[in-house]
Peer 1: 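Got a structure for you, written out below as structure tokens; questions coming shortly.
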Amino acid sequence: GSADGAFVLVAPAPQGVTDAASLDPEYLLDKIFDIKGRYGTFGKIDNRKVSKTKSDTEGNYVYRYVDFKFAALSPGGRDIERNGCLKATVIDGDVIMFLSSTTTNRWNKMKDTISGTITSFSAVPTPKTSLKGGEIDSGIGNKAALGVAGYDLLRFDSPVWSN
């Protein structure tokens, strides 16, 4: 498989946080590296650190950017050094993150492509609708097969990461 990957993650915003400027980068890493999440598949990741962070207003929304490094566990239990970056915003009480990482060996070659992809991400509130929630199918995922609704597929602790 490829050493590069990108995905969207959703987590509840910390109490009282309404915009990304006040998001603690460590809180974001806690969600990314949750034992039930994608990177926790082969064990808990404690070896991680924020290398750079900033917040930026783009249009009507505030985003938090975080560059980070971590050691992911391989299926064989060995540490694989990785670099990553994320862009996050807070919408309706949730943190919506788009993140990407690659192996440290590939980082210099891939960082411009990865940061360009991350920078292009934006998230906005869904328009309010008079339709009842049950009548619309988000089209993300198959609840019957996975046992999770489309939105829950993206949650930091979704069962999809470990299945």
Peer 1: So M97 and L28, do their side chains get closer than 4.5 Å, heavy atoms only?
Peer 2: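 Of all side-chain heavy-atom pairs linking M97 with L28, at least one is under 4.5 Å.
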
Peer 1: Which pairs count as side-chain hydrogen bond (donor to acceptor under 3.5 Å, both in side chains) when at least one residue sits in residues 5-27, sequence neighbours excluded?
Peer 2: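 Pairs touching residues 5-27 that pass the test: E26-R48.
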
Peer 1: Suppose we screen for side-chain contact (heavy atoms from CB on, under 4.5 Å). Which residues come up paired with K109, at least two apart in sequence or across chains?
Peer 2: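 If we apply the side-chain contact (heavy atoms from CB on, under 4.5 Å) test to K109, skipping adjacent residues, the hits are R106.
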
Peer 1: For A123, check side-chain contact (heavy atoms from CB on, under 4.5 Å) against everything at least two apart and list the hits.
Peer 2: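 T89, I91, I96, F121.
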
Peer 1: How would you list, by chain and number, every residue that makes a side-chain hydrogen bond (donor to acceptor under 3.5 Å, both in side chains) with D46, sequence neighbours excluded?
Peer 2: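 With neighbours one apart ignored, the set is K44.
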
Peer 1: Tell me every residue that passes salt bridge (charged side-chain N to carboxylate O under 4.0 Å, His left out) with E81, counting only those two or more places apart in sequence or in another chain.
Peer 2: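 Salt bridge (charged side-chain N to carboxylate O under 4.0 Å, His left out) check on E81 returns nothing, list empty.
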
Peer 1: In chain order, what residues pass the salt bridge (charged side-chain N to carboxylate O under 4.0 Å, His left out) check against D34, with sequence neighbours excluded?
Peer 2: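 None.
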
Peer 1: Can you name the closest pair of heavy atoms from A20 and A88 and give their distance?
Peer 2: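 Closest pair (atom of A20, atom of A88, distance): CB-O, 3.5 Å.
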
Peer 1: Would you find a donor on one side and an acceptor on the other, under 3.5 Å apart, between the side chain of R82 and the backbone of T104?
Peer 2: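 Here the side-chain-to-backbone pair does not exist.
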
Peer 1: With K69, which residues qualify under side-chain contact (heavy atoms from CB on, under 4.5 Å), at least two apart?
Peer 2: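 Scan of K69 (side-chain contact (heavy atoms from CB on, under 4.5 Å), adjacent residues dropped) gives S51, N83.
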
Peer 1: Would you call the rings of F68 and F33 parallel, tilted or perpendicular, where under 30° means parallel and over 60° means perpendicular?
Peer 2: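 Taking F33 first and then F68, their aromatic rings stand perpendicular (interplane angle over 60°).
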
Peer 1: Are the side chain of T53 and the backbone of Y65 linked by a donor-acceptor contact shorter than 3.5 Å?
Peer 2: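 At least one qualifying donor-acceptor pair exists.
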
Peer 1: Main chain of F98, side chain of K87: is a donor-acceptor contact present, judged purely on distance under 3.5 Å?
Peer 2: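 Judged by distance alone, no pair lies under 3.5 Å.
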
Peer 1: Go through the structure and list residues passing side-chain contact (heavy atoms from CB on, under 4.5 Å) with S100, not counting sequence neighbours.
Peer 2: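 Here the qualifying residues are A6, I114, I118.
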
